[in-house]
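Worth knowing before you read on, the calculation uses all heavy atoms, side chains too, and leaves out hydrogens, waters and symmetry mates. In this text the structure is predicted, and so the values were computed from the model without any measurement.
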Amino acid sequence: MVKVIEHKVSREVKAWLKKEAVEQKARYKKIVADQEALSPKRDKWVAEFLERIQTRGFNVHADMLRKIPASEIPKKPRRKFKVVF
Amino acid sequence: MARPHIEPFVDRDVPFKKMTLPGFPKGMHYKMLSLDTDTGACSMTVMYENGYRQPPGMSYADMELFIMSGYLETDEKRYTPGTYFWVPPGVHLPELRAPRGCVALMFYNYAEPSFVESDSDHPLAERDNLTIVNSYEDMHWTSTNFFPATASGCLVKVLRFDQRTQAFTFLYCMTPNFWQDNISYHDCAEEAYHIWGTSWMMQFGNLPTGGYFWRPPYINHGAFACKLGTLALGRTDSQLYNHFHFNPWSTPEENRERAASRILSWKPELYRWIEQQGGHNHPHVPNDFEYPDQGDPHAIAHAHGVPHDHGDGHHHHEHEEKPKRRGRRRKR
């Protein structure tokens, strides 16, 4: 299947792409900052999730639930908790 | 780099901009959702002004269009909300009009947006692949047929399926009070836009109407919840498999390694055969008899980001012939 028909990319198009790439970079930085600010709430959500999978269960497949024993619950590593990469 | 991880982004927070790319008629506005800075491939929310007219024409790359509000019409047909177009490169569409305006999602998969006036197809166009379907009127919801599956209450309508890569575009919904307590990641990039409704993910919080993400492979998302229901459009760039787990802190590198390890468990013979081809860590790409013209396997492997080395830790790109020595060889 043909993905792209060969064509010349004009200077105008290149300039447009460059401008959009700069704006996307700024958008990405804002997302990272916003997600960093969400960290305290996220830590609480994670604690609640780890509690729920021990009491109500973890969705193994569809609605099939498995209660995870405390011994299997992962421990928070020392490294920084990142969600945007 | 290709597209960065854009998650979450809400397009309601930014204004529309005029589309100024050459070829596109006046009266088209857009919000950039994500952009591949190497190829120009991108996803946009687009708005056509009242009275917009686009002459017959084609694009150099494939284009997907999903109408969210308003309508587009040709001389013969009206395309209302829920209509999905997949237009292969070079396939021309007749004049399109938006007498009362229209808002849509627009996706270019392999190159920058382009529009060339033409009342006929390009010689390379594959018109038989043109897809136009009204997903609201003509299709039913089905459960997700991926195993392991999402919890009950997440339903899909598959709009397009690429049989080669298994990439697909789909409408999905979450019913009110949907929840799913696991963390997921995929081997593919995943993208979605909320047409209506708010859902929640443990990493990113609430994603409301107008919410969007482009998520590269192996990035954790979930647990999931939705209070009042959500309608969204999703896309992948290859096969979607739900790698479920419950470690909130695993990294994309750890997730990828786990995925590879799981393939070894699921398909040990195939895994070993692939690994052993070439006798070293060479990115061998087996031939697919259905696609004999796929090109140089080595180049394909690199295009897919598969590095290789010869056990010395160095990444060798080419197996070129050694340069010939200048001057005469000494006779022995």
Side-chain angles (χ1 to χ4, degrees), chain A residues 1-25 27-28 30-32 34-35 38 41-43 45-50 52-54 56-66 68 72-77 79-85, chain B residues 3-9 14 20-22 32 34-35 37 39-40 42 58-62 88-90 109-112 114 116 122 124-126 129 143 147-152 162 164 180-183 200 202-205 216 218-221 223 242 244 246-252:
Chain A
M1 194 194 81
V2 179
K3 286 182 175 177
V4 180
I5 294 170
E6 213 169 288
H7 61 287
K8 199 180 169 200
V9 179
S10 69
R11 201 182 290 173
E12 271 175 293
V13 173
K14 283 180 185 163
W16 184 86
L17 289 170
K18 201 171 172 185
K19 191 165 171 263
E20 287 298 333
V22 169
E23 289 181 17
Q24 177 161 269
K25 215 168 186 178
R27 210 154 52 233
Y28 176 81
K30 186 179 181 310
I31 288 170
V32 171
D34 289 351
Q35 289 302 304
L38 200 63
K41 273 190 184 174
R42 185 181 301 114
D43 288 344
W45 294 336
V46 165
E48 288 168 355
F49 166 72
L50 294 176
R52 280 199 308 275
I53 62 172
Q54 293 177 80
R56 186 170 65 181
F58 160 79
N59 286 79
V60 176
H61 160 66
D63 300 330
M64 189 187 293
L65 295 168
R66 174 184 162 229
I68 306 297
E72 286 185 36
I73 297 295
K75 295 217 163 29
K76 188 176 181 178
R79 65 180 177 236
K80 194 177 175 187
F81 183 19
K82 273 177 74 176
V83 297
V84 180
F85 294 89
Chain B
R3 299 196 206 198
H5 184 194
I6 299 290
E7 182 172 23
F9 172 64
V14 298
T20 56
L21 279 174
M32 183 59 72
S34 69
L35 170 77
T37 52
T39 64
C42 61
M58 51 150 260
S59 164
Y60 290 121
D62 70 327
N109 290 314
Y110 299 108
E112 78 287 350
S114 57
V116 183
H122 187 278
L124 295 175
E126 295 172 355
N129 283 321
S143 57
F147 293 91
T150 49
S152 296
D162 184 321
R164 178 83 197 277
Q180 183 178 305
D181 267 333
N182 55 28
I183 298 165
W200 172 89
M202 188 168 70
Q203 294 77 8
F204 310 105
Y218 305 112
I219 292 176
N220 283 338
H221 52 285
N242 290 318
F244 291 149
F246 51 86
N247 184 345
W249 303 291
S250 64
T251 65

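- Contact of A:Val32 with chain B is not made at all, since no heavy-atom distance falls under 4.5 Å.
- The structure places NZ of A:Lys76 at 12.0 Å from CG of B:Asn247, a figure rounded to the nearest 0.5 Å.
- The distance from atom OG1 of B:Thr251 to atom NZ of A:Lys80, rounded to the nearest 0.5 Å, is 15.0 Å.
- For chain B, no part of A:Met64 is nearby; none of its heavy atoms comes within less than 4.5 Å.
- For a residue to count as touching a neighbouring chain, one of its non-hydrogen atoms must lie under 4.5 Å from one of that chain's; by this rule B:Ile6 touches chain A with backbone and side chain alike.
- Between chain A and the residues B:Phe244, B:Phe9, B:Phe204, the most heavy-atom pairs under 4.5 angstrom are made by B:Phe204.
- When each of B:Ala125, B:Gly205, B:Gly90 is scored by its heavy-atom pairs under 4.5 Å with chain A, the top score falls to B:Gly205.
- Interface remark: A:Glu48 contributes no atoms to any contact with chain B (heavy atom separation under 4.5 Å).
- Interatomic distance, CD1 of A:Ile53 versus CD1 of B:Ile183, reported as 7.5 Å (0.5 Å rounding).
- The shortest heavy-atom contact between A:Glu12 and B:Pro22 is OE1-CG, 3.8 Å.
- Between B:Tyr60 and A:His7, the ring planes are parallel. Angles under 30° get that label, and only those over 60° would be called perpendicular.
- Interface remark: of the candidates A:Glu20, A:Met1, A:Arg56, A:Arg56 forms the most heavy-atom pairs closer than 4.5 Å to chain B.
- Of the listed residues B:Asn220, B:Leu21, B:Asp181, the one with more heavy-atom pairs under 4.5 angstrom with chain A than any other is B:Asp181.
- Note that the CZ atom of A:Phe58 and the CD atom of B:Gln180 stand 9.0 Å from one another [nearest 0.5 Å].
- Summarising the local packing, CZ of A:Arg11 is surrounded by 12 or fewer heavy atoms from other residues, nucleotides or ligands at distances under 6.0 Å.
- The minimum heavy-atom distance between B:Phe246 and A:Pro74, with the atom names listed, is O-CG, 3.6 Å.
- In terms of heavy-atom proximity, A:Ala21 sits nearest to B:Leu35 at N-CD2, 3.7 Å.
- Using a 4.5 Å cut-off between heavy atoms, B:Ser34 contacts chain A through both its backbone and its side chain.
- Note on A:Lys18, A:Arg27, A:Lys25, A:Glu6: by heavy-atom pairs under 4.5 Å with chain B, the leading option is A:Arg27.
- Contact annotation for B:Ser152: both backbone and side-chain heavy atoms come within less than 4.5 Å of a heavy atom of chain A.
- Heavy-atom pairs under 4.5 Å with chain A were tallied for B:Pro252, B:Ala61, B:Ala111; the largest tally goes to B:Pro252.
- Contacts of B:Pro8 with chain A are made by both backbone and side-chain atoms, with heavy-atom separations under 4.5 Å.
- Between B:His5 and A:Phe85, the ring planes lie parallel to each other; the angle is under 30°, not in the 30° to 60° tilted range.
- Residues A:Asn59 and B:Pro148 fail the side-chain proximity criterion, which asks for heavy atoms closer than 4.5 Å.
- The minimum heavy-atom distance between A:Leu17 and B:Gly40, with the atom names listed, is CD2-CA, 3.7 Å.
- A:Gln35 CD to B:Gln203 CD: the interatomic distance, rounded to the nearest 0.5 Å, is 9.0 Å.
- For A:Lys41, no part sits under 4.5 Å from any heavy atom of chain B, backbone or side chain.
- Taking all atoms of both residues into account, the shortest heavy-atom contact from A:Arg52 to B:Ala223 is NH2-CB, 4.2 Å.
- Minimum heavy-atom separation, A:Val46 to B:Met202: CA-SD, 3.8 Å.
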